[in-house]
Number of protein chains: 2
Amino acid sequence: MTNIKDLARMAGVSVTTVSRVLNNHPYVSKEKRTAVLEAISESNYEQNINAVHLSKGKTQMIGVVLPFSDHPYFALLLKGIAKEALENNYKLVLFQTDYMESRELEALQMLKQKQIDSLIICSRTCEWSVLEEYLQYGTIVLCENVNGKEFSSTFVNQYTIFLRTLEFLFQKGHEKIGYCIGRKTGPSSKLRARAYQEFLEKNNLPFQEKYIIDQCNYFEDAEKVMDMILYMDTPPTALIVTSDQVAAGIVTCCQKQGIKIPEELAIIGFHNEPIAKMMEISSIEIPLLDMGKHLFHQAISKDITNKEMFFHFIERGTV
Amino acid sequence: MTNIKDLARMAGVSVTTVSRVLNNHPYVSKEKRTAVLEAISESNYEQNINAVHLSKGKTQMIGVVLPFSDHPYFALLLKGIAKEALENNYKLVLFQTDYMESRELEALQMLKQKQIDSLIICSRTCEWSVLEEYLQYGTIVLCENVNGKEFSSTFVNQYTIFLRTLEFLFQKGHEKIGYCIGRKTGPSSKLRARAYQEFLEKNNLPFQEKYIIDQCNYFEDAEKVMDMILYMDTPPTALIVTSDQVAAGIVTCCQKQGIKIPEELAIIGFHNEPIAKMMEISSIEIPLLDMGKHLFHQAISKDITNKEMFFHFIERGTV
DNA sequence: TTGTATGCGTTATCAT
DNA sequence: ATGATAACGCATACAA
C-alpha cells in the first residue's frame, strides 16, 4: 500500500508538496504538480482516510439516531438526510436504537470519541441533561422543539397540529375521539397528550384512557387497534392516527369488516404518505424530506438554529 | 481533551501501561491499574477512535450499499444487518445509491481508503470486474448468486422461485401472466427474465413485452400498473409482483375499480411482508431478517462462503 | 511486570 | 514556491 511518503520519493519532492497537490492547495509549480500526479497514477495510491481524520480531528461523518429504519416516517426523514449528505460529501453512520437509551448513548459516545462530527437524533429517548453533557463534543440536532436549549432543531409543532385536528373533528360532530401513537413516553406523545387533555377540558368531554392506543407503527398494527375498538362498549367515532401506514391498515380492516368510513369511524392519518393518497385517506402532511435536508445542514453548521416546519391538512374521504 | 499521555503522567506510569489497562491486557499490577483507572475517572478521558483506527488499520465499520432505505425489502434487510452489527460492536455506514453506479463506487472507494473494513452490497449496479478490483482491500458480500466468484454471498435463487411461481400459475389455468419488478437491469431481473422466457417456450406461449412492468417499488406504483393493464387489449390474468407493497396497492386498486381477485386478476406478492398477511395476499416468503444477519457475519468473517436461503410459498386468497 | 521507541499516514506550522 | 519537522493519539515490538 503506497503512501504519501512513497509518492514524495517517486516524484522527487517532499511530502508536503504531495499533500498540497492532493488537497489542491496553491503554491506548487506546474512541473512538481505533474510529477506528483504521475507518481499517483503509477502507484495506485489511495489516501488513508483514517490518517486524515486523526490529523484533522474531523471525519466528515454524521450520526443519525432513529428507532427503526423500516418505518415510513423515519425512512423518509433518513432519505432526506442521506440525499443531502451525499451532495455535500458527508457520510452517514446509522444508529438504530429500538428506543433503547443505551443505544442512543452509544451514538453520543461516538461523538465524544470523534468518530462523528455531529449527531442528528430523529427521536429522542435520553433526558435533556444527558444530551447537554455531550454538547461540548459536537453539534447535536433534534426533531423537536427544544424550547431555547442550546441545540439546533427542525420540527413541527405537534401540540398545535393535534389540537387543530381535534377541534376539526369536534366541529364535524365527533365527541368520542381516540388516537393511535407509536410510544407513550416520547416527547411528541407528551405534547399530544397535553393537547388532548386541554381539548377535552375546554369542551367538557370525559377522558377515556382506552381511547389512547400506543404501539402503532406499522400497517399490521391496525389489526390490534381494531380488536380493541370493537371490544369497547363506547368505541370512538373518530381516530387520529399518527402514521398513514397504520391508518391505511385500519381502513383496510374496516373494509373487511364492513365498517363504514367515515360514517361509523372517521380516520385522519399523518405525513400524507403516498399510501394515503392512494387510499384516499385524509392526512396531515409533514414535509419529511425537507426536514431531513434541513436537519443535515444544521448538523454541519456552526450556528444554532431552530426551524419550525409547517403542516398542511389534506382532506380526503375518510373524515 | 485529555489523551493517553496525560493519563500516563497523572498516574505516574508509561503510556504503554495505560494502553494495557484500556485494552484489558494482562501483565499490569493491581496498583498501577487502579492508578490508571483513577486518572481516567478524574479526567473525563475518552479514546480518540480515529487514532485507534489509524494505528490498527481497522475501523470496526461496515458499509451497506442499497438503492433506497424506504423500501420494505431493503429496510428489512438493513434491520437484520443493523441488529447483528450492534450485538457485535460494529458500526454501519450507509450508502444510499438510488441505483447510481457512481455512488456504489464511492462505497468501494471507502473500502480502499480503509474507512470501512468490509462492504455489504444489497443490490449491485457495478460490473463484476469492477468489484473484483476492490476485493484486495476488504471483504465484499453480495445478495445474489456469485457463481463461484471470490465473494461471499447470501441469496435466494430468483430463477427457481420465478419458474416455480410461473408453473404454479400455469397449473391454475393462467396463460397470460405478467410481472412487476423494480428495475429491468438488475441481476435478479435478468434471472427472472430468463425463467420467464424458458417458461413461455416450454409451454408454447407467446412473449408479450408489455406484460413486464418495471419501476414497481412502492405501494403507490400500483396505480400506474393498473392504468397500463386496463389499457391493454389482452390484459394478463395473473400478476407476479416482486414486492408485497406493490401487490397490496394493486389489490387496493382492484377493490376500488371492482375488479375481482383472483377471478379476474390473480396476484402473488413477494417477501411475505405483514401487509400481505393482513390483506390476505398470497406471497413468496423470503427470510430477509435472517439474510441480513447472515450477511453481516459474512462481512466480518475471513472465509468466503455462499449461502442459499430458501423461500416458502404462502397461499392466501389472491391466487 | 514495565517502559522506551517506533510506526500508523496525514496535515499544519514555520522557516527558507 | 518548497521542505523539514512537529503534531494528531494510540498500539506494539522489543528491551529491560
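Letters go in sequence order (proteins before strands), and every chain restarts at 1.
- At whole-Å resolution of the value, CD in Gln113(B) and C1' in dG9(C) are 12 Å apart.
- In this structure, Gln115(B) places its CD atom 16 Å from P of dG9(C), rounding to the nearest Å.
- Of all heavy-atom pairs spanning Asn44(A) and Lys112(B), the tightest one is ND2-NZ, 3.2 Å.
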Quick one: what's the B/S/- string for nucleotides 10-16 of chain C, heavy-atom cutoff under 4.0 Å, read 5' to 3'? BBB----
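- Comparing Leu54(B) and Pro26(B) by the nucleotide of DNA chain C whose heavy atom lies nearest to each, the residue mapping closer to the 5' end is Pro26(B).
- The two residues Tyr27(B) and Arg20(B) have their closest heavy-atom pair at O-CD, 4.1 Å.
- Computed from C1' positions of five pairs at each end, the angle between the two local axes of the helix from dT1(C)-dA16(D) to dT16(C)-dA1(D) equals 40°, rounded to 10 degrees.
- Using modelled atom types, no side-chain atom of Asn88(B) and backbone atom of Tyr90(B) make a donor-acceptor pair closer than 3.5 Å.
- In terms of the side chain to side chain contact (heavy atoms under 4.5 Å, CB included) criterion, residue partners of Gln113(A) (sequence neighbours excluded) are, by chain and number, Gln109(A), Glu46(B), Gln47(B), Ile49(B).
- By the side chain to side chain contact (heavy atoms under 4.5 Å, CB included) test, Arg103(B) pairs with Leu86(A), Thr97(B), Asp98(B), Met100(B), sequence neighbours left out.
- Of the charged side-chain nitrogens involved, at least one lies within less than 4.0 Å of a carboxylate oxygen, so that Asp6(A) and Arg9(A) count as a salt-bridged pair.
- Between the CD atom of Glu31(A) and the P atom of dG3(D) there is a distance of 12 Å, given to the nearest Å.
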Return a table of donor-acceptor pairs under 3.5 angstrom between the side chains of residues 64-75 of chain A and protein atoms on other chains or two or more places apart.
from, atom 1, to, atom 2, distance (Å)
Ser69(A), OG, Gln96(A), OE1, 3.1
Asp70(A), OD1, Tyr218(A), OH, 2.7
Asp70(A), OD2, Tyr218(A), OH, 3.4
Asp70(A), OD2, Lys79(B), NZ, 3.4
His71(A), ND1, Tyr73(A), N, 3.0
His71(A), NE2, Asn217(A), O, 3.1

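- In this structure, Arg9(B) atom CZ and dG9(D) atom P are separated by 12 Å, rounded to whole Å.
- Residue Lys32(B) places at least one side-chain N or O under 4.0 Å from the OP1 or OP2 atom of dG3(C).
- A salt bridge links Glu144(A) with Arg124(A): the distance from a Lys NZ or Arg NE/NH1/NH2 to an Asp or Glu carboxylate oxygen falls below 4.0 Å.
- Between Ser29(B) and dT1(C), a side-chain N or O to OP1/OP2 separation shorter than 4.0 Å is absent.
- Atom NZ in Lys58(B) sits about 13 Å away from atom P in dT12(D), given to the nearest Å.
- Scored by the side chain to side chain donor-acceptor pair (under 3.5 Å) test, Tyr45(A) finds no partners at all (sequence neighbours excluded).
- Rounding to whole angstrom units, OH of residue Tyr27(B) and C1' of dA13(D) are separated by 15 Å.
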